[in-house]
Amino acid sequence: MLLLIPLLPFVGFLLNASFGRRLSKAAAGAVACAAMAGSFAVSLAAVWSLLAKAPEARVVTQTFFSWIASGDFSVAFALLLDPLASVMILIITGIGTLIHIYSTAYMHEESDSEFARYFSYLNLFAAFMLVLVLGSNFLVMFVGWEGVGLCSYLLIGFWYQKKSAADAGKKAFIVNRIGDVGFVLGVLLIFVRFGTLDFQEIGRSLAPLAPEMAFGTISVITLLLFIGATGKSAQIPLFVWLPDAMEGPTPVSALIHAATMVTAGVYMIGRNALLFGHAPRTLAIVAIVGIATALMAGTIGLVQNDIKRVLAYSTVSQLGYMFLAMGVGAFGAGIFHLYTHAFFKALLFLGSGAVIHALGGEQDLRRMGGLKNDLPITYWTFLIGSLAIAGVPGLAGFFSKDEILFRTFAGGHVLLWTVGLLTSLLTAIYMFRVVFLAFHGPSYTHAAPEHPAPQHPAPGTHLHDAPPAMAIALIVLAIGSVFAGYAGLSGRFERFLEPSFTVVQDAGGLQAQPTPEPASDAGLETGLMAVSSVVAIAGIGIAMFFFLRKREAADRVARQFGGLHRVLEHKYYVDEIYDAALVQPIHIVSEEGLWKTVDVRVIDGAVNGVADAVRGGSETLRRLQTGSVRAYAASLFLGVVTVLGYYLWR
Amino acid sequence: MPTLNHYLLLSAVLFAIGTAGVFVRRNLITILLSIEIMLNAVNLTFVAFGRAMGSADGQIIVFFVMTVAAAEAAIGLAIVIALFRHRESLNPDMFTQLKW
């Protein structure tokens, strides 16, 4: 049954890819949505049967065939369903279905064949993502890992006639390759060290070992895997592709670049919680990279003017939070944030998509405003999403973010906690900056005559709110953004996940793996909750002051800290630094060194040189062929005489 | 009474004359005749050895050589005629087109 989960979207992909040209939009969309909905139903059934078991026995492994067997190396194509995987498949298929439905309306202006191409990619993505989270060993996971990378590339560059979109696709693909080198090396090293790639077998052979305090093999393995995770999950130093990935259609940003694919790195660490738990050095690096990314992306998000880019940096920042959780050993809290984040970030992206759709492609926040009354459904759902991500008490983001901050604080990482809190403040500010700039304030479209923008609907035209297919997705996700957090009340979610982070013994019993149980200090937890709630509300207040009441104050602050503002606006010049430090040198070495010297001089030189030498030699030697038959006869005769003479007088 | 050496000496002289003719003469027909002389020098050697060793093998081979020589003469003369029709000349130095 497990195989059916990734297989259904794959069948949808095959149908749309083969017959999409001849299908109407309604048919192509129906095929894709049905495939996802079917997969969601199967996932629900699978998780339901998993829940029926005792918590210790909640592991289902299904081996389909022996994939590679070569000497000691053997890998089976096997799928694994455990609490962690079940959370992931429900997110992917559930939110995936909603986004598919939303897409049928969002992509309606594409031609029939483009429409089918879009849905075939989207289904293929879902299939690969499900393989990624269901794979029971590193190699099966890697198939999904690379597959989603491919689909990400295809979908970012979906509007490939646009150069920026094609470039963004390439950038995403190449940056991900850099991370994948680390991932593959890590996997190879795992095989060398453990002799297997199966997650559970690795866990079993790790269980008796003590955590590696010095910097040894396991630390190297985990660090290499983490490099892979930074590529896929857009962390420092490989986060640069994600903001550019916003060139793709907005539902793609919601599904791939917010809810699912970019969380693959977090999932991978969660899947190998034992491995990472044995490498405290790596965990410290993970935590620091996570929080640094969270802070950096949060500050950049403050000043971006493209609505989708703000959300992209917000995603990078929230992924940083998840890595912080992983780094402090709060694997459950990290996955919990992944789960709530999937709801509200998908909601925010889909909301921004509805805005962009209504404005006919406009993405610049400065050209929006006053959309509150024109787009009520979008406004209210977007507001709920923003409240959830900001961490306002009672909504999803509050529970998960608070859990991470609490576990960080309880783990004694006060500095990390402080930065986390600061990032939380930034989150509230930049999200509500978007809300106030886009939905409140003077309506830009009504003031259009001063700044004619041809792509806008004519001034005064009625802006249409989200069509039904989009509204359904928005409303369902908004409900999820409100209530998803309650799954984690009093640590229920984490207890559910706990078996995934420990070792399951052969008999199905749990190996008592001492996970550092946080001091369940209810007073401390409540205090921290209060602090983060205050921070969230303060952030909203600051945003309200600057972007609702006194916009000129915001401009004044920006002018006052002109240098800082410029640095933030240019995203810390990271792209420029990478360009100067890596891209240009590679370019120069390739052009001047490899192309004009090695290729032209050495390789071409050798080939042409041999040819020239042969031709020059032949030029001389061919004079021997005079065409005179008697000369040939003479040389023949002389030859015979010479050979005979040699044998006679030897 | 001539001995084997006499025959061989005569044969060598004939062969040398034939060879010289092939290289020196500038008429294709003369060259063909020179080749015939060389062939007959060889035939003479065969026959002489056959007689000296009391065997008929030498004479048998001579018949083979004669047959081949007849065929060769026919083809050679045909080529010579073809060349003459083409160039109005029998000088082999005129036919040096087959080169670089």
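Keep in mind the model is a prediction, meaning the values are calculated, not measured. So you know, we letter chains A, B, ... as the sequences are listed, proteins then strands, and number each from 1. Worth knowing before you read on, the calculation uses all heavy atoms, side chains too, and leaves out hydrogens, waters and symmetry mates.
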How long is the span from the CZ atom in A:Arg630 to the CG atom in B:Asn91, to the nearest 0.5 Å?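 Rounded to the nearest 0.5 Å, the CZ-CG separation comes out at 7.0 Å.
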
Using a cut-off of 6.0 Å, state whether more than 12 heavy atoms not belonging to [X] lie near its atom [atom1].
X: B:Phe64; atom1: CZ; result: no
X: B:Phe46; atom1: CZ; result: no
X: B:Phe63; atom1: CZ; result: no
X: A:Arg177; atom1: CZ; result: yes

All heavy atoms of B:Asp93 vs all of A:Ser628, minimum pair found to be OD1-OG, 4.3 Å

Is it the backbone or the side chain of B:Phe95 that comes under 4.5 Å from a heavy atom of chain A, or both, or neither? backbone

